[in-house]
Q: 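Please find one structure pasted underneath; my questions will follow.
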Amino acid sequence: MIASKAAKTSQFIIETVAPYFNKHGYIGTSLSDITKATGLTKGAIYGNFQNKEDLAIKAFNYTVKTRLWPVIEAIEQAASGLDKLRAVTNFYRHYYDHVSDYGGCPVLNVGVDSMNQHSALNQRVLSVIGKMTQGIVEIIQQAQDEGSVRQDIDPQAYAEIIYAQIQGSIFLSILSKSNQNMQMMMDHIDDMIDKELKT
């Protein structure tokens, strides 16, 4: 199906301003930044989006899709639960290189930026965090069903631990402008899987 002109314009705006929102935040990205980046008028922007927050949410969705979708693809290519867990850590070993030029991790950036400002945007971030964590829960449960992970461990608890460690290492890597923290934490998570989860 061929996209309409309006749909193409909306997509162009989203793709163009997504890096601005990710780097500078909701407050830090002004309407003049948006019009300057896109070359469009204020009327053209608001003719495609309800308001700035609507655009920010759609830009966040686009950034999540482009920056985080590869981890979903990597997981889907792995067969066993343990291989899927390794696919997660292998992806995040190189995540810094994937997001450093984009201003950092969209979940971390937009989550902090929107925490006390914009409820709809913050709720969208929390939804993504929930889906990412639930994805890890389901991988651990698959590994339990396959008999490669202990039955007595709590998948929810370990999924939250793994995701928190991932986000913490992303934060340190972005601040230090080095991938070292990501590498060390992924090694630590792999070691935890071997020593605490595996049968």
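Since the model is a prediction, treat every value here as computed from it, not as a measurement. Along the sequence shown, residues are numbered consecutively beginning with 1.
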Q: Do F21 and I34 come within less than 4.5 Å of each other through their side chains, counting heavy atoms only?
A: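 F21 reaches I34 side chain to side chain.
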Q: Answer with yes or no whether the side chains of S30 and S32 bring together a donor and an acceptor at under 3.5 Å.
A: yes
Q: Could you state the interatomic distance from NZ (K52) to CG (L31), rounded to the nearest 0.5 Å?
A: 8.0 Å
Q: Under the 3.5 angstrom rule, does the side chain of N90 hit a backbone N or O of R86 as a donor-acceptor pair?
A: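 The answer is yes, because a donor-acceptor pair under 3.5 Å joins these two groups.
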Q: Which atom pair, heavy atoms only, marks the closest approach of D33 to G28?
A: OD2-O, 3.5 Å
Q: Between N22 and Y102 (side chain of the first, backbone of the second, donor and acceptor by atom type, cut-off under 3.5 Å), is there such a pair?
A: yes
Q: Sub-3.5 Å donor-acceptor pair from the side chain of T29 to the main-chain atoms of Y26, do we have one?
A: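 No, T29 side chain to Y26 backbone: no donor-acceptor pair under 3.5 Å.
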Q: Going only through I, L, V, M, F, W and Y residues with side-chain contacts under 4.5 Å, is there a path from L172 to M186?
A: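 Yes, same cluster.
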Q: What heavy-atom pair brings Y62 and A18 nearest, and what distance separates the two atoms?
A: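 Shortest heavy-atom contact: CD2-CB, 3.7 Å.
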Q: Check the surroundings of atom CZ in F171: do more than 12 heavy atoms from other residues, nucleotides or ligands lie under 6.0 Å from it?
A: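 No, not enclosed.
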Q: Search all heavy atoms of A74 against all heavy atoms of A87 and return the closest pair with its distance.
A: O-CB, 3.8 Å
Q: Would a 4.5 Å heavy-atom cut-off, applied to side chains only, mark Q123 and L126 as touching?
A: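 Yes; the side chains approach each other to less than 4.5 Å.
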Q: Quick check on the hydrophobic clustering: are Y20 and I174 connected, directly or via other members, by side-chain heavy-atom contacts under 4.5 Å?
A: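 Y20 and I174: separate clusters.
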Q: If two hydrophobic side chains count as joined below 4.5 Å and joins carry through other members, does Y163 share a cluster with V137?
A: no
Q: Let's go through D190 and R93 carefully: what are the C-alpha distance in whole Å and the side-chain angles of both, what is the deciding distance for salt bridge (charged side-chain N to carboxylate O under 4.0 Å, His left out) to 0.1 Å, and is it a yes or a no?
A: CA-CA 11 Å; D190 281 344; R93 271 189 179 83; 2.8 Å; yes
Q: Look up atom CG in L85 and atom CD1 in I136, then write down how far apart they are to the nearest 0.5 Å.
A: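 With rounding to 0.5 Å, CG (L85) is 8.0 Å from CD1 (I136).
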Q: Would a 4.5 Å heavy-atom cut-off, applied to side chains only, mark L55 and I13 as touching?
A: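 Yes. Closest side-chain heavy atoms under 4.5 Å.
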Q: If you count the non-hydrogen atoms of other residues, nucleotides and ligands that lie under 6.0 Å from CD in Q151, is the total more than 12?
A: yes
Q: Any idea which heavy atoms bring N122 and M115 closest together, and the distance?
A: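 Minimum heavy-atom separation between N122 and M115: ND2-CA, 3.4 Å.
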Q: State plainly whether one hydrophobic cluster holds both M182 and M184, where clusters connect Ile, Leu, Val, Met, Phe, Trp and Tyr through side-chain heavy atoms under 4.5 angstrom apart.
A: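 M182 and M184: separate clusters.
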Q: In the structure I gave you, are the side-chain heavy atoms of V88 and I166 within less than 4.5 Å of one another anywhere?
A: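 Side-chain contact under 4.5 Å: yes.
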Q: Is a side-chain N or O of Q141 found less than 3.5 angstrom from the main chain of P155, in a donor-acceptor match?
A: no
Q: To the nearest 0.5 Å, tell me how far Q183 CD sits from H188 NE2.
A: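 Reported value, rounded in 0.5 Å steps: 15.0 Å.
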Q: Treat each ILVMFWY residue as a node, draw an edge where side-chain heavy atoms are under 4.5 Å apart, and state whether L68 and I75 are in one component.
A: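 Yes.
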Q: Let's go through V107 and V125 carefully: what are the C-alpha distance in whole Å and the side-chain angles of both, what is the deciding distance for side chain to side chain contact (heavy atoms under 4.5 Å, CB included) to 0.1 Å, and is it a yes or a no?
A: CA-CA 6 Å; V107 173; V125 177; 4.2 Å; yes
Q: Looking at N109 and G103, would you say the former's side chain and the latter's main chain have a donor-acceptor pair under 3.5 Å?
A: yes
Q: Looking at OH of Y158 and CD1 of I153, how far apart are the two atoms once the value is rounded to the nearest 0.5 Å?
A: 6.5 Å
Q: Side chain to side chain contact (heavy atoms under 4.5 Å, CB included) between K84 and E76: does it pass, once the steps are laid out?
A: CA-CA 8 Å; K84 289 179 180 179; E76 290 178 346; over 6 Å; no
Q: Taking the six-membered ring of F60, is the NZ or CZ of R124 close enough (under 6.0 Å from the centre) and on axis enough (within 45°)?
A: no
Q: Which atom names give the shortest non-hydrogen contact between Q142 and S80, and what distance separates them?
A: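 Residues Q142 and S80, closest heavy atoms: NE2-C, 3.6 Å.
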Q: Could you tell me if the side chain of I161 sits less than 4.5 Å from the side chain of M192, heavy atoms only?
A: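 A side-chain contact exists here, since the closest heavy-atom pair is under 4.5 Å.
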Q: Using the rule given for side chain to side chain contact (heavy atoms under 4.5 Å, CB included), can you reason through Q165 versus I189, listing the C-alpha separation, both sets of side-chain angles and the distance that settles it, and then say yes or no?
A: CA-CA 8 Å; Q165 290 175 332; I189 293 173; 3.3 Å; yes
Q: Mark yes when over 12 heavy atoms from residues, nucleotides or ligands other than Q180 sit less than 6.0 Å from its CD; otherwise mark no.
A: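 No, CD of Q180 has 12 or fewer neighbouring heavy atoms, counting only those of other groups under 6.0 Å.
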Q: To the nearest 0.5 angstrom, please state how far the OG atom of S4 sits from the CD atom of Q11.
A: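 The CD atom of Q11 is 11.5 Å from OG of S4, to the nearest 0.5 Å.
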Q: Within the 3.5 Å criterion, strictly below it, is a donor on E73 or Q77 matched to an acceptor on the partner's side chain?
A: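 No, no side-chain donor-acceptor contact under 3.5 Å.
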Q: Is there a side-chain contact between V17 and T38 in this structure, where contact means two heavy atoms from C-beta onward sitting under 4.5 Å apart?
A: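 In contact.
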Q: For N181 versus S173, what's the shortest heavy-atom pair and its separation?
A: CB-OG, 3.4 Å
Q: Side chains of D154 and I140: closer than 4.5 Å at any heavy-atom pair?
A: no
Q: Report yes if the side chains of K198 and S148 come closer than 4.5 Å at any heavy-atom pair, otherwise no.
A: no
Q: With no hydrogens and no angle check, is any side-chain donor or acceptor of T63 less than 3.5 Å from a backbone partner on P106?
A: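 Between the backbone of P106 and the side chain of T63 there is no qualifying donor-acceptor contact (under 3.5 Å).
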Q: Out of curiosity, H98 NE2 to F91 CZ, how far, rounded to the nearest 0.5 Å?
A: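 If we round to the nearest 0.5 Å, H98:NE2 and F91:CZ are 5.0 Å apart.
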